[in-house]
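Everything on this sheet refers to the single structure shown next.
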Amino acid sequence: MAEKPQPVRVPYCPVCSLPAEYCEFGPDFEKCKPWLIQNAPDLYPDLIKEANEREVAKTAEQLQAAGISGGDGAATAAGGTSTSKPEEVKRLPGGKIKKKDKQEVVIEKVVRNKRKCVTIVKGLDFFGVKLSDASKKLGKKFATGASVVKGPTDKEQIDVQGDISYDIVEFITCTWPDVPERAIYFIEDGRKVAAA
């Protein structure tokens with residue numbers, strides 16, 4: 001009698017939920033790499049080589065930061081190793097360094113249909129302001145519609161119907177004292193202009 005064929009066991013990545021051999025085509029291959037190195041090393045041999053090279057480079061950087069030279073292995077002049085950890089820098093594709101977001105409130109007026117306009121308020125959340133509460137207060141104060149929406153950079157912002165830029169700075173600084181007036185900016189003709 002012929003032996004029954006056994007089903008093929010396909011390992012699925014817990015990060016992207018794709019089969020392991022398709023992780024490189026998934027939404028975030030960088031997050032899948034540690035799991036792939038541990039659980040599917042035969043599928044991506046380049047990852048193991050890359051991880052080993054990274055470990056060697058990291059060790060060399062740590063030794064250099066601690067003041068230990070690669071030649072004689074001597075410790076620092078203090079007699080021990082340094083415990084200071086270099087600050088991690090987030091890098092974008094292409095090696096560019098990602099800038100930290102500044103704590104500022106940006107107010108922009110966008111004209112639609114040649115007569116209607118929307119005032120966009122970005123950055124209130126940096127100062128600990130809950131955006132849903134802020135949109136309610138803005139809508140009530142200026143008797144207009146206000147809502148929290150995701151902007152083009154996937155950050156939440158408040159869209160207020162109408163042109164309220166004439167009185168919004170005073171309202172923001174009075175309602176939320178944690179927001180300084182020097183941190184509020186207007187976008188005028190594509191340039192950022194300080195409100196103060």
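We use all heavy atoms of the structure for the numbers below, so side chains are in, but hydrogens, waters and symmetry mates are not. Sequence positions, counted from 1, serve as the residue numbers for this chain.
Among all heavy-atom pairs drawn from Ser135 and Ala146, the shortest one is O-CB, 3.3 Å. The two atoms that bring Gln157 and Leu131 nearest to each other are N-CD1, 4.5 Å, heavy atoms only. Taking each heavy atom of Thr119 and Ile107 in turn, the nearest pair found is CG2-CG2, 3.7 Å. When every heavy atom of Phe126 is checked against every heavy atom of Gln103, the shortest pair comes out as O-NE2, 3.6 Å. The shortest non-hydrogen separation linking Ala134 to Val129 is CB-CG1, 3.8 Å. Closest non-hydrogen pair, Lys137 versus Trp176, comes out as CD-CZ2, 4.1 Å.
Between atom CD of residue Glu21 and atom CG of residue Leu36 there is a gap of 10.0 Å, rounded to the nearest 0.5 Å. Once rounded to the nearest 0.5 Å, the distance linking CG of Leu18 with CD of Glu24 reads 11.0 Å. Distance SG/Cys16 to NZ/Lys31: 11.0 Å, rounded to 0.5 Å. Taken to the nearest 0.5 Å, the NZ atom of Lys136 stands 12.0 Å off from the CD1 atom of Ile158.
No side-chain heavy atom of Asp28 sits less than 4.5 Å from a side-chain heavy atom of Val15. For the pair Lys155/Lys122, no side-chain contact is recorded, criterion being any heavy-atom separation below 4.5 Å from C-beta on. Looking at Lys141 and Ile164, their side chains never come closer than 4.5 Å, going by heavy atoms from C-beta outward. Considering only heavy atoms from C-beta on, Cys13 stays 4.5 Å or farther from Phe29 through its side chain.
Phe142 and Ile184 fall within a single hydrophobic cluster, where Ile, Leu, Val, Met, Phe, Trp and Tyr side chains are chained together by heavy-atom contacts under 4.5 Å. Criterion: ILVMFWY side-chain heavy atoms under 4.5 Å apart, direct or through other members. Under it, Val8 and Tyr12 are part of a common hydrophobic cluster. Residue Val106 is not grouped with residue Phe127 when hydrophobic side chains (ILVMFWY) are merged at heavy-atom distances under 4.5 angstrom, including chains of intermediate members. A continuous path of ILVMFWY side-chain contacts below 4.5 Å connects Val121 to Phe171, so both sit in one hydrophobic cluster. A single hydrophobic cluster is not seen to contain both Ile168 and Val118; linkage of ILVMFWY side chains at heavy-atom distances under 4.5 Å, directly or through other members, places them apart.
Within a 6.0 Å sphere centred on NZ of Lys109, other residues, nucleotides and ligands contribute 12 heavy atoms or fewer.
Under the 3.5 Å distance criterion, the side-chain polar atoms of Thr175 are left unmatched by any main-chain donor or acceptor of Ile172.
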